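Just below is one structure, and these are the notes that go with it.
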There are 2 protein chains.
Amino acid sequence: MVSNTDSSEALAQRLSDSGLRSTPQREVIYNLLLKKRDHPTAEEVFARAKPELPMISLATVYNCLEALVQCDLVRTVNFERGPTRYCPNLHPHAHFHDTKTGATHDIDLPAGLIDQVKSILPPGFEASSVEIIFRGKANTAPTQPTP
Amino acid sequence: MVSNTDSSEALAQRLSDSGLRSTPQREVIYNLLLKKRDHPTAEEVFARAKPELPMISLATVYNCLEALVQCDLVRTVNFERGPTRYCPNLHPHAHFHDTKTGATHDIDLPAGLIDQVKSILPPGFEASSVEIIFRGKANTAPTQPTP
DNA sequence: ACTAGGAATGAGAATCATTCTAATTAATTA
DNA sequence: TAATTAATTAGAATGATTCTCATTCCTAGT
């Protein structure tokens, strides 16, 4: 099992690789993103952090989230002009935005898809990233009630 | 050649199909989007409309753009949380955002690509739309100077 | 043509997410 | 330990968009 100390040190390492410091606020926020991976907004992160860090300010939440994005532990997701949402990254994935419920789902991308999509670019276009956003209804079956 | 009246009437038709009225402001704004297809923001549209309609207000620009979006003559494009940009639609296309210059380029999508991308969705996900955004550098050769 | 009722417009206030500022605190290095 | 540098906090400021509301414009129905 991964101990708390291990993940703290991994985070500290990642941060310092980007010239940033590890702080209690950054640790709490990163762990909270890992615990509930539902693409919270900064305000939601703020609310979830408060019980652990009652004095934390919204500005710090933004600062911490930006730090985590900078060291590539977290990705931002935007739908239209809604508030930015944060997702503890790793695998390449697309996002499915349920227009009914507002929920965001990660969609794993099969190997090669990104390259295949990039291959439609005319000469002269060098894409460093490709973002794919689906919109629609997700019929995510609720946890099956035992009959 | 398509006369001004023709396009006006086409616009009027589209608008009234969506229960909206044709107005001078909406016509000017739609024509201006068609004339320079560089994905302007509302503020930019505002600036371009003023010479023709000195009394137009920014609120009206937003209203008109929304009307055009509603009757499917115009699409919105968003990059992160930057201002919404407007693009007179029609073909299915992706967007390439030049991170160096900020310019937005339309990328035509080959037939079938959208369906192919949709096919990666796990069961239960019904996508009504797929958006593809590329980011990177575009080496769009400037209009070749005759030697 | 005339008028009632519903849109659309214009001007400015309000809102929302985010960024900035300045003062304070904490951590790291000399 | 002192000096530097970064991070935190609270609140002000910003920027895009939406809202409000008074006014004007159309459109039906008479």
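In this text, all values refer to a predicted model and were calculated from it rather than measured experimentally. Residue numbers start from 1 in every chain, and the chains themselves are labelled A, B, ... in the order their sequence lines are given, proteins ahead of strands.
- The aromatic rings of His97(A) and Phe79(A) lie parallel to each other, their planes meeting at an angle below 30°, with 60° marking the opposite boundary.
- For the pair Arg81(A) and dA16(D), the criterion of a side-chain N or O lying under 4.0 Å from OP1 or OP2 is not met.
- Taking atom CE of Met55(A) as the reference point, atom C1' of dA26(C) lies 15 Å away to the nearest angstrom.
- Across the interface with DNA chain D, nearest-nucleotide mapping of Leu58(B) and Ser22(B) shows Leu58(B) to be the residue nearer the 5′ end.
- Distance CD1 (Ile56(A)) to P (dT24(C)): 21 Å, rounded to an integer number of Å.
- Along DNA chain D, the nucleotide nearest to Thr84(B) and the one nearest to Arg21(B) differ in position, and the one closer to the 5' end is contacted by Thr84(B).
- Between the CD atom of Glu80(A) and the C1' atom of dA16(D) there is a distance of 15 Å, rounded to whole Å.
- Whole-Å rounding puts the Leu15(A) CG to dT28(C) P distance at 12 Å.
- The two atoms that bring Cys71(A) and Leu15(A) nearest to each other are SG-CD2, 3.8 Å, heavy atoms only.
- Distance CG (Leu20(B)) to P (dT27(D)): 13 Å, rounded to an integer number of Å.
- The interatomic distance linking Glu66(B) (CD) with dA7(C) (P) rounds to 14 Å, in whole Å.
- A centroid separation of less than 6.0 Å is found between the aromatic rings of His95(B) and His93(B).
- Between Glu44(B) atom CD and dA16(D) atom P the separation is 10 Å, expressed in whole Å.
- Distances shown here put every side-chain N or O of Thr60(B) at or beyond 4.0 Å from the OP1 or OP2 atom of dA8(C).
- A salt bridge links Arg135(B) to Glu80(B): at least one charged side-chain nitrogen sits closer than 4.0 Å to a carboxylate oxygen.
- For residues 44-73 of chain B, the salt bridge (charged side-chain N to carboxylate O under 4.0 Å, His left out) pairs, not counting sequence neighbours, are Asp38(B)-Arg48(B), Glu44(B)-Arg85(B).
- OP1 and OP2 of dA8(C) both lie 4.0 Å or more from every side-chain N or O belonging to Asn63(B).
- To the nearest angstrom, P of dT9(D) lies 11 Å from CZ of Arg26(A).
- Picking from dT17(D), dA11(C), dC20(C) the nucleotide with the shortest atom distance to the side chain of Ser57(B) gives dA11(C).
- Look at Gln25(A) and you won't find any side-chain N or O under 4.0 angstrom from OP1 or OP2 of dA26(C).
- Comparing dT8(D), dT9(D), dA16(D) by their nearest atom to the side chain of Pro83(B) picks out dA16(D).
- Toward the 5' end of DNA chain C, the nearer of the two residues Ala59(A) and Glu43(A), judged by each one's closest nucleotide, is Glu43(A).
- Look at Tyr62(B) and you won't find any side-chain N or O under 4.0 angstrom from OP1 or OP2 of dT18(D).
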